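Since the structure is predicted, the reported quantities are computational estimates derived from the model, not experimental observations.
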Amino acid sequence: MAIDLKVAKLLCSRLCHDLISPASAVNAGLELMEEQPGTDDAQDLISRSAKQVTRRLAFYRSAFGAGGVTTLSEARDLAAGLLADGNVVLDWPGDEGGPVSTVGAAMLLNLILVAVDTLPRGGAVSVRLAVLDEGIGAALTMSGDGARLGEDMSRAIGTDMDEAELTVGNVPAYLLRRLAGDAGVSIEITADAGGEVRLAALLPAAE
């Protein structure tokens, strides 16, 4: 899959955007330690923030990078790590932990990113998987106050959005569509008045 330079830049910007907060917190903790040596609060801040940076880097390596995880259980662990310190709860029982292609794993992780963006006030992301003859069926349900998939995200997933319209916010949705297109599958989007948004896709299984 060939990616335009602008898309690559936006993906890098998204990665940096999500890393800057915990990285800055590590720096703040170090400065606090210099001012107040031996402070437990500073050590806790550094430890917590460093773990957050590590978890986010691991997630984005597989979501945006060329290589990545090869099992559904690994993808679940990455998603759990990404959401560990936020206001979005992950409901992913992990009954199916078998192999998945790197493209399938990348699709699933970008589905998670899109899912989180539908919950501006927090909520829950439910992930259910089913191993089928033609691949792995993935269904994500997002519920929470104000849950919605923005029009630009929907267009990025479902149509050939002009790259001039791409932003740091919707570029994961665009990458998801490109990955799905290369795999010959589509992303289904449904929403209801009860405050739920659902995404479904067929993930390529491991060869």
Quick check on the hydrophobic clustering: are Val89 and Val116 connected, directly or via other members, by side-chain heavy-atom contacts under 4.5 Å?
no
If you take all heavy atoms of Ser62 and Ala106, which pair is closest and at what distance?
O-CB, 3.7 Å
Spacing of CE belonging to Met142 relative to CG belonging to Leu149, to within rounding of 0.5 Å:
7.0 Å
Arg148 atom CZ: more than 12 heavy-atom contacts under 6.0 Å
no
Side chains of Tyr174 and Asp4, heavy atoms from C-beta outward: is any pair under 4.5 Å?
no
Any Leu57 side-chain heavy atom under 4.5 Å of Leu19 side chain
yes
Are Asn170 and Arg155 side-chain neighbours, meaning at least one heavy-atom pair lies under 4.5 Å?
no
Nearest 0.5 angstrom please: Leu119 CG to Asn87 CG, how far?
8.0 Å
For Arg55 against Gly81, the heavy-atom pair lying closest together:
NE-O, 2.9 Å
Does the Arg177 side chain pair with the main chain of Ala156, one donor and one acceptor, at a distance under 3.5 Å?
yes
Test applied, side chain to side chain contact (heavy atoms under 4.5 Å, CB included); reference residue, Met107; option that passes from Thr102, Asp182, Leu202, Leu176
Leu176
In Å and rounded to the nearest 0.5 Å, what is the OH to SG distance from Tyr60 to Cys12?
12.5 Å
Using every non-hydrogen atom in the two residues, find where Val114 and Pro172 come nearest and quote the distance to one decimal.
CG2-C, 4.4 Å
Could you check if a side-chain atom of Met161 sits within less than 4.5 angstrom of a side-chain atom of Asp152, using non-hydrogen atoms only?
yes
Is there a path of hydrophobic side-chain contacts, each under 4.5 Å between heavy atoms of I/L/V/M/F/W/Y residues, joining Ile157 to Val168?
yes
CA sep, side-chain torsions, deciding dist, call: Val7, Leu175, side chain to side chain contact (heavy atoms under 4.5 Å, CB included)
CA-CA 8 Å; Val7 178; Leu175 177 60; 5.7 Å; no
For Val88, which of Asp117, Leu82, Val125 qualifies under side chain to side chain contact (heavy atoms under 4.5 Å, CB included)?
Val125
Glu151 CD: over 12 foreign heavy atoms closer than 6.0 Å
no
Among the clusters formed by ILVMFWY side chains lying less than 4.5 Å apart, do Val131 and Val100 turn up in the same one?
no
Compare all side-chain heavy atoms of Ile112 with those of Val127 and state whether any distance is below 4.5 angstrom.
yes
Here the gap from Asp91 atom CG to Thr141 atom OG1, rounded to the nearest 0.5 Å, amounts to 9.0 Å
For Ala25 and Ser49 the tightest heavy-atom approach is CB-OG, 3.1 Å
Might you point out which heavy atoms bring Glu163 and Lys6 nearest each other, and give the distance in Å?
O-NZ, 2.8 Å
Working to the nearest 0.5 angstrom, can you tell me the gap between Leu5 CG and Leu10 CG?
9.5 Å
Heavy-atom check, side chain of Phe64 versus side chain of Asn110, under 4.5 Å
yes
Between Ser47 and Asp44 (side chain of the first, backbone of the second, donor and acceptor by atom type, cut-off under 3.5 Å), is there such a pair?
no
Test salt bridge (charged side-chain N to carboxylate O under 4.0 Å, His left out) applied to Arg14 and Asp18, step by step
CA-CA 6 Å; Arg14 176 61 183 256; Asp18 285 5; 3.3 Å; yes
Check whether any side-chain heavy atom of Ile189 lies under 4.5 Å from a side-chain heavy atom of Met153, and answer yes or no.
no
Between Ile20 and Leu113, is there a shared hydrophobic cluster once you connect ILVMFWY residues whose side-chain heavy atoms come closer than 4.5 Å?
no
Single-linkage hydrophobic cluster, 4.5 Å side-chain cutoff, Leu30 and Leu45 together
no
Closest heavy-atom contact between Pro99 and Ile136?
O-CD1, 3.7 Å
